[in-house]
J.: 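The following block contains the structure, expressed as structure tokens.
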Amino acid sequence: MSGFAWGAFAANLGWAALTALGVMVITFAVAVRKGMHRIVDIAWGAAFAAVALATFGASAGEGDLARRALVTALTVVWGLRLAVHIGRRGRGHGEDPRYEDMLGKTSGNRNLYAFRMIYLLQGALVWLVSLPVQAAQYATGSVSVLAWLGTALWAVGIFFEAVGDAQKARFKADPANKGRIMDRGLWRYTRHPNYFGDFCVWWGLFLIACDGGAAPAVVSFVSPLVMSYLLINGSGKRLLERRMSGRPGWAEYASRTSGFFPLPPRG
């Protein structure tokens, strides 16, 4: 595992943690002032972008410049696109039902509970999931085909996320679709094109880290696994489908549409 700046990477782990925490603390202050914790969803993508930029600065003179620039740019594009999309989607809406349910169960200070259970947790997850982005920037050796395969997988992910989000936004903007299940475009092939897109993005970034050798692969392999779990069995697909299960038309839609990976509709 030579060619990897272990000491510099270890120091970077601390800087990345402080960056993620800083984004969450600032977001918490804004959320308390506005009385709405759904703002933290905007900070999720923004925090990844901030960690990537902080790591790019901290890794100056350590890793391969092309790989550093590539993994930073891809992460920033993904993170800011997601932050802008969530910000637009939530404009004019009240508190997210997920947070209302969670905070309604506490008998103590709701804001302090939210800081511990939402902001600190999400900051820790940003730090953990972003390990491929951090590790890739400390690997030497020129960019090879594995990095470009990772970039291609990232591009597939961004396509599914951005197109799926845009298709659903147009669908919901039409009053004629009120109460109906979105089953058009990419949503014909998977019930969650946006989550599948996230899945591809983070496995693509992991491949770029693997392009830097065994060391960045070893220190970051847990990250895409954690993100995959969150998307499929955590706060993504599982939680959303639990809320959707009672909607008219959902059972029929779910019976003919793949739950995650895009496949031709059944029947």
J.: Indicate every side-chain donor-acceptor pair of residues 13-33 with a distance under 3.5 Å to a residue at least two apart or in another chain.
T.:
{"unit_1": "T19", "atom_1": "OG1", "unit_2": "W15", "atom_2": "O", "d": "2.8"}
{"unit_1": "T27", "atom_1": "OG1", "unit_2": "V23", "atom_2": "O", "d": "2.7"}

J.: Applying the 4.5 Å side-chain criterion to the ILVMFWY set and letting contacts propagate, would W187 and Y189 be lumped into a single cluster?
T.: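 No; Y189 is not reachable from W187 via cluster members.
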J.: When you measure from the side chain of W44 to the backbone N and O of A83, does any donor-acceptor pair fall under 3.5 Å?
T.: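 Not at all, since once roles are kept as given, no pair shorter than 3.5 Å links the two residues.
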J.: What distance do I208 atom CD1 and S220 atom OG have between them, rounded to the nearest 0.5 Å?
T.: 11.0 Å
J.: When rounded to the nearest 0.5 angstrom, what is the spacing between NE2 in H85 and NZ in K168?
T.: 8.5 Å
J.: Quick one: does F48's side chain get under 4.5 Å of V133's, heavy atoms only?
T.: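 With C-beta onward as the side chain, the pair stays apart.
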J.: Do any N or O atoms from the side chain of T257 and from the backbone of P265 form a donor-acceptor pair under 3.5 angstrom?
T.: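 Side chain of T257 to backbone of P265, a donor-acceptor pair under 3.5 Å: no, none is there.
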J.: Transitive ILVMFWY cluster of L65 at side-chain heavy atoms under 4.5 Å: who else is in it?
T.: F56
J.: Run the side-chain donor-acceptor check on residues 147-160: report pairs under 3.5 Å with partners two or more places apart or on a different chain.
T.:
{"unit_1": "T151", "atom_1": "OG1", "unit_2": "A147", "atom_2": "O", "d": "2.9"}
{"unit_1": "W154", "atom_1": "NE1", "unit_2": "L74", "atom_2": "O", "d": "3.3"}

J.: Donor-acceptor pairs under 3.5 Å, side chain of residues 194-202 to any protein atom, not counting sequence neighbours: which ones?
T.:
{"unit_1": "D198", "atom_1": "OD1", "unit_2": "W78", "atom_2": "NE1", "d": "2.8"}

J.: Please report the interatomic distance CD1(I181) to CE(M244), rounded to the nearest 0.5 Å.
T.: 3.5 Å
J.: Mind checking side-chain contact (heavy atoms from CB on, under 4.5 Å) for A139 and listing every partner two or more places apart, or none if nothing turns up?
T.: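 Counting only residues at least two positions away or on another chain, A139 forms a side-chain contact (heavy atoms from CB on, under 4.5 Å) with F4, R67, P216.
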J.: Quick check: is L103 connected to I39 through a chain of hydrophobic side chains (ILVMFWY, heavy atoms under 4.5 Å apart)?
T.: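 Result: no, two separate clusters.
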J.: For the pair Q167 (side chain) and L186 (backbone), establish whether a donor and an acceptor sit closer than 3.5 Å, ignoring hydrogens and angles.
T.: yes
J.: Check the pair D165, R81 against side chain to side chain contact (heavy atoms under 4.5 Å, CB included), reporting the backbone distance first and the verdict last.
T.: CA-CA 11 Å; D165 285 341; R81 189 215 72 85; 2.9 Å; yes
J.: Run the side-chain hydrogen bond (donor to acceptor under 3.5 Å, both in side chains) test against R98 and tell me which residues pass, sequence neighbours left out.
T.: D41, D96
J.: Kindly indicate whether the side chain of Q134, heavy atoms from C-beta on, has any atom under 4.5 Å from the side chain of V219.
T.: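 Sidechains of V219 and Q134: no contact.
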J.: Output all residues satisfying side-chain hydrogen bond (donor to acceptor under 3.5 Å, both in side chains) with T72, sequence neighbours left out; order by chain, then residue number.
T.: Q137
J.: Can you name the nearest heavy-atom pair linking V129 to S223, along with the distance?
T.: O-CB, 3.4 Å
J.: Measure across G259 and H192 and return the closest heavy-atom pair with its distance rounded to 0.1 Å.
T.: O-CD2, 3.2 Å
J.: Looking at S59 and E62, would you say the former's side chain and the latter's main chain have a donor-acceptor pair under 3.5 Å?
T.: no
J.: Is there a side chain to side chain contact (heavy atoms under 4.5 Å, CB included) between F261 and T190? Walk through the geometry before answering.
T.: CA-CA 6 Å; F261 296 100; T190 167; over 6 Å; no
J.: Considering all heavy atoms of both residues, which atom of G45 and which atom of L82 are nearest to each other, and what is their separation?
T.: CA-CD2, 4.4 Å
J.: Specify the closest pair of heavy atoms between S142 and D211, including all atoms of both residues, with the distance to one decimal.
T.: O-OD2, 4.1 Å
J.: Report the C-alpha distance between R256 and D183 in whole Å, list the side-chain angles of each, state the deciding distance to 0.1 Å, and finish with yes or no for salt bridge (charged side-chain N to carboxylate O under 4.0 Å, His left out).
T.: CA-CA 10 Å; R256 67 175 184 270; D183 59 356; 2.8 Å; yes
J.: Among residues at least two apart in sequence or on other chains, which ones pass side-chain contact (heavy atoms from CB on, under 4.5 Å) with E100?
T.: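 Counting only residues at least two positions away or on another chain, E100 forms a side-chain contact (heavy atoms from CB on, under 4.5 Å) with E95, R110.
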J.: If Ile, Leu, Val, Met, Phe, Trp and Tyr residues are connected whenever their side-chain heavy atoms lie under 4.5 Å apart, and connections chain through other members, are V222 and I232 in the same group?
T.: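 Linked within one cluster.
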J.: Give the intermediate values and the outcome of side chain to side chain contact (heavy atoms under 4.5 Å, CB included) for residues L205 and M227.
T.: CA-CA 12 Å; L205 292 172; M227 179 60 97; over 6 Å; no
J.: Using links of under 4.5 Å between side-chain heavy atoms of ILVMFWY residues, direct or through other members, which residues join L53 in one cluster?
T.: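 Grouped by the 4.5 Å side-chain rule, V76, L80 form the rest of the cluster around L53.
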J.: State which residues pass side-chain hydrogen bond (donor to acceptor under 3.5 Å, both in side chains) with W203; sequence neighbours excluded, sorted by chain then number.
T.: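 For W203 the side-chain hydrogen bond (donor to acceptor under 3.5 Å, both in side chains) partners, ignoring immediate neighbours, are S228.
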J.: Considering all heavy atoms of both residues, which atom of Y99 and which atom of H37 are nearest to each other, and what is their separation?
T.: CE1-O, 3.8 Å
J.: What closest approach, in Å, do W250 and S245 show between heavy atoms, and which atom pair accounts for it?
T.: CD1-CA, 3.6 Å
J.: Does F171 CZ have over 12 foreign heavy atoms under 6.0 Å away?
T.: yes
J.: Taking it one step at a time, do V126 and V51 satisfy side chain to side chain contact (heavy atoms under 4.5 Å, CB included)?
T.: CA-CA 8 Å; V126 166; V51 167; 4.0 Å; yes
J.: Applying a strict under-4.5 Å side-chain criterion to I, L, V, M, F, W and Y, I'd like to know whether L230 and L121 cluster together.
T.: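 Same cluster.
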J.: When rounded to the nearest 0.5 angstrom, what distance separates CG in L231 from CZ in R238?
T.: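 Reported value, rounded in 0.5 Å steps: 12.5 Å.
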J.: Keeping the roles fixed (side chain from R191, backbone from A254), state whether a donor-acceptor pair exists under 3.5 Å.
T.: yes
J.: Please identify each residue that fulfils side-chain contact (heavy atoms from CB on, under 4.5 Å) with V84, with sequence neighbours left out.
T.: R88
J.: Give, for atom NE2 of H93 and atom CZ of R91, the distance between the pair rounded to the nearest 0.5 Å.
T.: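 Reported value, rounded in 0.5 Å steps: 10.0 Å.
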J.: Quick one: side-chain contact (heavy atoms from CB on, under 4.5 Å) partners of D101, sequence neighbours excluded?
T.: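 D101: no side-chain contact (heavy atoms from CB on, under 4.5 Å) contacts found.
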J.: Please tell me whether M102 and L112 are part of a single hydrophobic cluster in this structure, the criterion being side-chain heavy atoms less than 4.5 Å apart.
T.: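 Different clusters: M102 never reaches L112 through Ile, Leu, Val, Met, Phe, Trp or Tyr contacts under 4.5 Å.
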